[in-house]
Amino acid sequence: MVQIHAPSDAAIRHLAEVLRAGGLVAVPTETVYGLAANGLDAVACQRIFAAKDRPADDPLILHLLEAEQVTRIAHWSEAGQRLADAFWPGPLTLVLEKLEIVPDVVTAGLGSVAVRVPAHPVIRRLLEACDLPLAAPSANPFGYVSPTCVEHVVEGLGGRIEHVLDGGPCEVGLESTIVDLRDPSRPVLLRPGGITAEALEQVLGVSLARASIAQREAGPQTAPGQLSRHYSPRTRIHLHEKLPDELVARPAGVEALLFLTRPSVEEAPTHWRWLSDTGSLEQAASRLFATLRELDRAGFEAIHAELAPQSGLGVALNDRLRRAANQD
Ligand code: TXA
Ligand code: MG
């Protein structure tokens, strides 16, 4: 049976012991909930892969309390320090050359390791109490929409894990931005996220090259018949730059409309949803995953979703919408 722990001092102490003993704990971060284990314990990390049904070739992120601890697990650089000063603690993950101490299971045998210093006060208290790097991928079965509150974690992994630490809803709501910084003179954006490319480029003083790990995160690509099970929402999503008038004029039916911003109508029809009340992309990002789950449960046959402007946080928002819409 899964236990949900309020973040009391006693619970944090207890869960730090669980982690030290090789157990798993689902933890809140400012981006999404993570499924954590001792990142230096190969057997414990193996349990993360089993609980998530995650393929062994998909490496994990190590979470640290402080940027100063990076040199215990990876090679550091001046560019890394500048990014850390600007964005840590926060939703930025750096891929660095790893040191020997990091188990192969964490990095899927790669010579690099992904590192992040999270901002959420609850995971920070846990990191301090256990004094370990915590390996933590998003706390969802592999390929599903990431969890942004305790209920989502329990929905996806409730039958497979024993402990969830409650830190409330996640403020950012999209996974961290990942930058490959193995060659500090040529940083590569691997995944758009809570920190925008524009903000990173300003601090680095160079433009980011782009590569994508979206394919890997989407799930196994081999057996088409099994694919749908690796995607959530199950409901088919159609994307639009702007929702066409013809769709907006339709009465309620089997297809939902997902606006970026609340439309200015007195009373919205029951098949309409929106991600932000005022047009704030931050609010839209924080509500995206919960809204997709709600629409999935509501049983619509399709969702017509409006894309965000393709800049700033809109890039990450559109990336997640496209992945959710991608059925092949
Ligand atoms: O916001 C986040 O990043 C959340 C919270 C829990 O911190 N974590 C998260 O983890 O989204 P996960 O495992 O769902 O996504 C991590 C991504 C994966 O696509 C993985 O392939 C990539 O990071 N990754 C990890 N290590 C890597 C490495 N050494 N090189 C390239 N990509 C790596
Ligand atoms: Mg994930």
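All ligand and atom numbering here is 1-based and tracks the order in the structure.
Look at Glu128 and Arg124 and you find no salt bridge, because none of the NZ, NE, NH1 or NH2 atoms lies under 4.0 Å from a carboxylate O. By the 4.0 Å N-to-carboxylate-O rule, Arg293 lies too far from Glu151 to be salt-bridged with it. Between Arg287 and Asp277 there is a salt bridge, with a side-chain nitrogen of the basic residue lying less than 4.0 Å from a carboxylate oxygen of the acidic one. The existence of a salt bridge linking Glu246 and Arg250 is confirmed by a sub-4.0 Å separation between a basic side-chain nitrogen and an acidic carboxylate oxygen. Look at Asp9 and Arg125 and you find a salt bridge, because one of the NZ, NE, NH1 or NH2 atoms lies within 4.0 Å of a carboxylate O, short of that distance.
For ligand 1, the atoms lying closer than 4.0 Å to a non-hydrogen atom of Asp58 are 18 (C), 19 (O), 20 (C), 21 (O). Remark: ligand 1 atoms within the under-4.0 Å shell around heavy atoms of Ile178 are 17 (C), 23 (O). Interface of Ser138 with ligand 1, defined as ligand atoms under 4.0 Å from a residue heavy atom, comprises 8 (N), 9 (C), 10 (O), 12 (P), 14 (O). Interface of Thr31 with ligand 1, defined as ligand atoms under 4.0 Å from a residue heavy atom, comprises 1 (O), 2 (C), 4 (C), 5 (C). Within ligand 1, counting atoms from 1 as listed, the ones closer than 4.0 Å to a heavy atom of Ile61 are 3 (O), 8 (N), 9 (C), 10 (O), 16 (C). The atoms of ligand 1 that sit less than 4.0 Å from any heavy atom of Leu60 are 25 (C), 26 (N). Annotation for ligand 1: atoms under 4.0 Å from non-hydrogen atoms of Ser176 are 1 (O), 2 (C), 3 (O).
Using a 4.5 Å cut-off on side-chain heavy atoms (C-beta onward), Glu30 and Pro91 make contact. Within the 4.5 Å cutoff, the side chain of Tyr144 has no heavy atoms near those of the His152 side chain.
If you look at Arg54 next to ligand 1, the close heavy atoms, those under 4.0 Å, all belong to the side chain.
Inclusion of Tyr33 in the set of residues having an N or O under 3.5 Å from an N or O of ligand 1 is not warranted. Considering backbone and side-chain atoms alike, Thr29 places every N or O at 3.5 Å or more from each N or O of ligand 1. Remark: ligand 1 and Arg191 share an N or O pair separated by less than 3.5 Å (distance only, no angle test). Residue Lys52 has no nitrogen or oxygen atom sitting less than 3.5 Å from a nitrogen or oxygen atom of ligand 1, judged on distance alone.
The Mg ion (ligand 2) lies at 2.8 Å or more from every N, O or S atom belonging to Asn140.
Side-chain atoms of Ser176 and Thr31 include no donor-acceptor pair closer than 3.5 Å. Arg116 and Thr29 share a donor-acceptor pair across their side chains, judged by distance under 3.5 Å alone.
Classified by interplanar angle (parallel below 30°, tilted 30° to 60°, perpendicular above 60°), the ring pair His14/His163 is perpendicular.
Selection from Ser112, Pro118, Gly194 by nearest heavy atom to atom 29 (N) of ligand 1 gives Ser112.
At least one heavy atom of Val95 sits closer than 4.0 Å to an atom of ligand 1.
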